[in-house]
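Atoms considered below: every heavy atom in the structure, side chains included; atoms not considered: hydrogens, waters and symmetry mates. Throughout, numbering of the chain's residues begins at 1 and tracks the sequence. Values in this document were obtained by computation on a predicted structure and should not be read as measured data.
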Amino acid sequence: MKPLFLLSLLFLSLFLFSAEIKGKVVAVTDGDTITVLDEMDKGNFKIRLDKIDAPEKKQAFGSKAKQFLSALIFGKQVTVRYKAVDRYGRIVGVVYCDGVEINLVMVQNGYAWHYSYYDKTPAYIQAEKQARADKKGLWASNVPMNPYEFRKMKKKR
């Protein structure tokens with residue numbers, strides 16, 4: 001009963017205002033998905049990092065993106081600011097650790113694309129341009145494949 005009630009409150013809050021989760025990162029699934037153990041109600045929340053798209057696990061730089069994100073935040077306290085839940089039930093939010101915007105750090109270091117189709121935040125646009133110019137992370141590859149294109153190609157098989 002408690003999880004259903006909490007989930008209902010979560011969905012209601014999404015329509016009214018943005019919300020926050022504070023807790024410890026207990027899992028890093030890939031370069032743009034984590035699990036946070038909320039410090040208030042001790043519930044686990046799957047978080048999809050907003051504004052970015054990291055390489056898939058079976059894609060070039062997929063494991064490196066996961067490792068980089070893990071090194072940044074695994075086992076640490078974070079704050080997640082969010083306004084949405086995706087079709088898979090994951091909270092879509094911006095993750096902060098020690099005052100640093102982790103989603104942006106992933107783009108700055110070349111471990112994620114800026115999701116420019118859905119987001120027009122200038123800092124993210126500039127971060128991707130700079131990471132490309134500096135050939136950081138996945139941009140060191142001659143032909144980096146956008147995760148969206150990778151998923152589309154995979155579906156066709």
Side-chain angles (χ1 to χ4, degrees), residues 3 6-7 9-11 13-14 17-141 144-148 150-151:
L6 291 174
L7 194 56
L9 284 178
L10 174 67
F11 285 117
S13 71
L14 296 177
F17 51 88
S18 65
E20 262 187 13
I21 293 172
K22 291 184 179 191
K24 182 178 181 179
V25 176
V26 294
V28 176
T29 306
D30 57 30
D32 56 26
T33 308
I34 63 174
T35 302
V36 173
L37 176 62
D38 184 280
E39 61 190 28
M40 294 294 282
D41 67 13
K42 303 301 180 203
N44 280 329
F45 293 94
K46 194 80 124 163
I47 311 295
R48 169 67 167 81
L49 277 65
D50 195 13
K51 304 180 185 189
I52 72 170
D53 198 8
E56 297 295 324
K57 288 180 188 175
K58 294 184 178 183
Q59 189 178 357
F61 281 91
S63 61
K64 288 184 181 186
K66 177 183 176 179
Q67 290 168 357
F68 186 79
L69 183 59
S70 293
L72 287 174
I73 62 174
F74 182 74
K76 295 183 180 176
Q77 292 293 327
V78 297
T79 299
V80 181
R81 294 191 186 123
Y82 65 94
K83 292 183 186 176
V85 173
D86 71 9
R87 63 183 170 168
Y88 304 109
R90 300 175 299 185
I91 293 168
V92 180
V94 178
V95 178
Y96 297 88
C97 184
D98 298 325
V100 176
E101 190 170 336
I102 299 302
N103 307 38
L104 182 59
V105 171
M106 292 296 289
V107 176
Q108 288 170 330
N109 287 277
Y111 289 104
W113 271 257
H114 170 229
Y115 226 147
S116 58
Y117 182 77
Y118 295 105
D119 179 72
K120 304 298 181 207
T121 306
Y124 283 76
I125 295 168
Q126 183 56 40
E128 184 175 309
K129 281 182 186 175
Q130 192 63 54
R132 283 178 185 249
D134 295 345
K135 297 199 178 299
K136 286 186 173 180
L138 62 92
W139 304 115
S141 171
M145 180 181 273
N146 187 306
Y148 174 78
F150 182 83
R151 289 187 296 270

Legend entry - Over 12 foreign heavy atoms within 6.0 Å of NZ, Lys58: no

Inset, instruction - Please say whether more than 12 non-hydrogen atoms of neighbouring residues, nucleotides or ligands are located less than 6.0 Å from CG in Asp98. - result: no

Which heavy-atom pair separates [X] from [Y] by the least distance, and what is that distance?
{"X": "Leu104", "Y": "Ala123", "answer": "CD1-O, 3.7 Å"}
{"X": "Asp38", "Y": "Phe45", "answer": "CB-CE1, 3.6 Å"}
{"X": "Leu69", "Y": "Gly31", "answer": "CD2-O, 3.5 Å"}
{"X": "Leu138", "Y": "Tyr111", "answer": "CD2-C, 4.0 Å"}

Inset, instruction - Classify the ring geometry between Trp139 and Trp113 as parallel (under 30°), tilted (30 to 60°) or perpendicular (over 60°). - result: perpendicular

Legend entry - Basic-acidic side-chain contact under 4.0 Å: Asp53, Arg151: yes

Inset, instruction - Determine, for Glu20 against Arg81, whether the closest basic-nitrogen to carboxylate-oxygen distance falls under 4.0 angstrom. - result: yes

Would you say that [X] contacts [Y] through its side chain, given a criterion of any heavy-atom pair below 4.5 Å between the two side chains?
{"X": "Asp119", "Y": "His114", "value": "yes"}
{"X": "Val95", "Y": "Leu49", "value": "yes"}
{"X": "Asn44", "Y": "Val36", "value": "no"}
{"X": "Val92", "Y": "Val85", "value": "no"}
{"X": "Val94", "Y": "Tyr82", "value": "no"}

Inset, instruction - May I ask you to check whether Gln108 and Tyr124 show a side-chain donor-acceptor distance below 3.5 Å? - result: no

Inset, instruction - Using only heavy-atom distances, determine whether the side chains of Lys57 and Thr29 contain a donor-acceptor pair under 3.5 Å. - result: no

Do any N or O atoms from the side chain of [X] and from the backbone of [Y] form a donor-acceptor pair under 3.5 angstrom?
{"X": "Asn146", "Y": "Pro55", "value": "no"}
{"X": "Asn109", "Y": "Val105", "value": "yes"}
{"X": "Gln59", "Y": "Met145", "value": "yes"}
{"X": "Asp30", "Y": "Asp32", "value": "yes"}
{"X": "Lys120", "Y": "Ser116", "value": "yes"}
{"X": "Lys66", "Y": "Gly62", "value": "no"}

Legend entry - Working for side-chain contact (heavy atoms from CB on, under 4.5 Å), residues Ile91 and Ile21: CA-CA 10 Å; Ile91 293 168; Ile21 293 172; 3.4 Å; yes

Inset, instruction - Mind running side-chain contact (heavy atoms from CB on, under 4.5 Å) on Ile52 and Tyr115 for me, showing each step along the way? - result: CA-CA 5 Å; Ile52 72 170; Tyr115 226 147; 5.7 Å; no

Legend entry - Cation-pi check, Arg48 onto Tyr88 ring (under 6.0 Å, within 45° of axis): no

